[in-house]
Number of protein chains: 2
Amino acid sequence: MKRNTIQKHIIMETLREMNCHASAGMVYEEINRQYPTISKATVYRVLTEAAEAGELLRLRFAETDDRFDITLPPHAHITCRCCGAVQDVTFKTPWNPIENLADNAGFTPERYHIELIGLCPACNSLKKAE
Amino acid sequence: MKRNTIQKHIIMETLREMNCHASAGMVYEEINRQYPTISKATVYRVLTEAAEAGELLRLRFAETDDRFDITLPPHAHITCRCCGAVQDVTFKTPWNPIENLADNAGFTPERYHIELIGLCPACNSLKKAE
DNA sequence: TCCTTAATAAGAATAGTTCCTAAATAAATT
DNA sequence: AATTTATTTAGGAACTATTCTTATTAAGGA
């Protein structure tokens, strides 16, 4: 049976407080400040299991580590190619690539991810300063 | 000055013969059979440099390792969540997420990647067999 | 052919993540 | 409340993909 442990509670609360798009490593570092006895393996395992149980979303980005997200409905993201920052983005007209497939190469599509890559405001101004 | 080495020639030819979407590790393994003296570091470095020089495309997928692709124009892909196979896909109506952005969260978009995730035909039939 | 310098082979190092095992602990049972 | 049991944990080892280091090799111009 599934158990409610203090560790899991702290991990989920920390992810919530960090307000999204955190990687397992980021969550671990944040937790480690306040609760140095919670192990890295526990953070990775709890986040992975919660994602498998559908309690949160595991986002696998191209330019950076896996991120965990408590906002469940699928949404598009933009990542900074420089610092790895992640933000949600929305479109003027919604578009579903699965419904628009002309050729699926024999694959069975299940989900999709639209990812934009660019520069975040901070990295953008750093680049201008160079 | 840039030099033309046998190693680079073999690496690029192997990638071409493998007919796309190979990871650096896959290219290394393929080369290692015929030319066991070519080192792993050389394969990784040559592919990375060729991508930086625009000679090929480095695709960074969510569900699998980085892949290198000699087909240059941007195109959408579908990856198998089970075995990591990659295929190109096309859409009935083309759609550019950058032009359709309603909110860019302060980011400067540069490029995008549309990725579908699902099952390849082989993994699909394996699943049915279970 | 000789010389300069970039590219190489081999393996060590790194980073992010997962695995392993004894010990701790939560829930169920008494 | 005490006992039982099965899951979860901490801590570190192990693993994997990739990059770095350094002595050696070889490309291409003179």
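Lettering follows sequence order; numbering is per chain, from 1. Worth saying up front: this structure is predicted, and the values here are computed from it rather than measured.
Taking atom CG of B:Asn4 as the reference point, atom P of D:dG29 lies 11 Å away to the nearest angstrom. Distance CD (B:Glu52) to C1' (C:dA7): 15 Å, rounded to an integer number of Å. Here D:dT9 presents its P atom at 11 Å from CD1 of A:Ile31, a figure rounded to the nearest Å. In this structure, B:Lys8 atom NZ and C:dA6 atom C1' are separated by 13 Å, rounded to whole Å. Look at CD1 on B:Ile10: it is 16 Å from P on C:dA7, rounded to the nearest Å. Here C:dA26 presents its C1' atom at 10 Å from CD1 of A:Ile6, a figure rounded to the nearest Å. Protein atom OH of B:Tyr35 is 17 Å distant from nucleotide atom C1' of C:dT8, rounded to whole Å.
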Seminar exercise, completed: Contact string for nucleotides 14-21 of chain D, one letter per nucleotide 5' to 3', B = base within protein heavy-atom range under 4.0 Å, S = sugar-phosphate only, - = neither, reads ---SBBB-
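The residue among A:Ile11 and B:Lys2 whose nearest nucleotide of DNA chain D is located toward the 5' end is A:Ile11. Place B:Thr37 and A:Thr5 on DNA chain C by their nearest nucleotides, and B:Thr37 ends up nearer the 5' end.
Residue pairs meeting the salt bridge (Lys or Arg N to Asp or Glu O under 4.0 Å) criterion with at least one partner in residues 35-51 of chain B, sequence neighbours excluded, are absent.
When every heavy atom of A:Cys80 is checked against every heavy atom of A:Leu119, the shortest pair comes out as SG-CA, 3.9 Å. When all heavy atoms of A:Asp69 and A:Leu56 are compared, the closest pair comes out as O-CB, 3.5 Å. For the pair A:Pro97 and B:Phe91, the tightest heavy-atom approach, listed with the atom from each and the gap, is O-CE2, 3.4 Å.
When the side-chain nitrogen and oxygen atoms of B:Gln7 are compared with OP1 and OP2 of D:dA26, none of them lie within a distance under 4.0 Å.
Below the 3.5 angstrom threshold, one finds a donor paired with an acceptor across the side chain of B:Arg3 and the base of C:dA6.
With sequence neighbours excluded, the residues forming a side chain to side chain donor-acceptor pair (under 3.5 Å) with B:Glu30 are B:Arg33, listed by chain and number. Here B:Ala53 pairs with B:Glu55 under the side-chain contact (heavy atoms from CB on, under 4.5 Å) rule; sequence neighbours left out. Remark: B:His77 pairs with B:His21, B:Phe61, B:His75, B:His113 by the ring pair (Phe, Tyr, Trp, His ring centres under 6.0 Å) rule, at least two apart or across chains.
In the hydrophobic clustering of ILVMFWY residues, with side-chain heavy atoms under 4.5 Å counting as a link, A:Ile114 and B:Ile78 come out together. At a threshold of 4.5 Å between side-chain heavy atoms, the hydrophobic network of Ile, Leu, Val, Met, Phe, Trp and Tyr places B:Tyr28 and B:Ile11 in one connected group.
Rounded to 10°, the angle separating the first-five-pair axis and the last-five-pair axis of the helix from C:dT1-D:dA30 to C:dT30-D:dA1 equals 30°.
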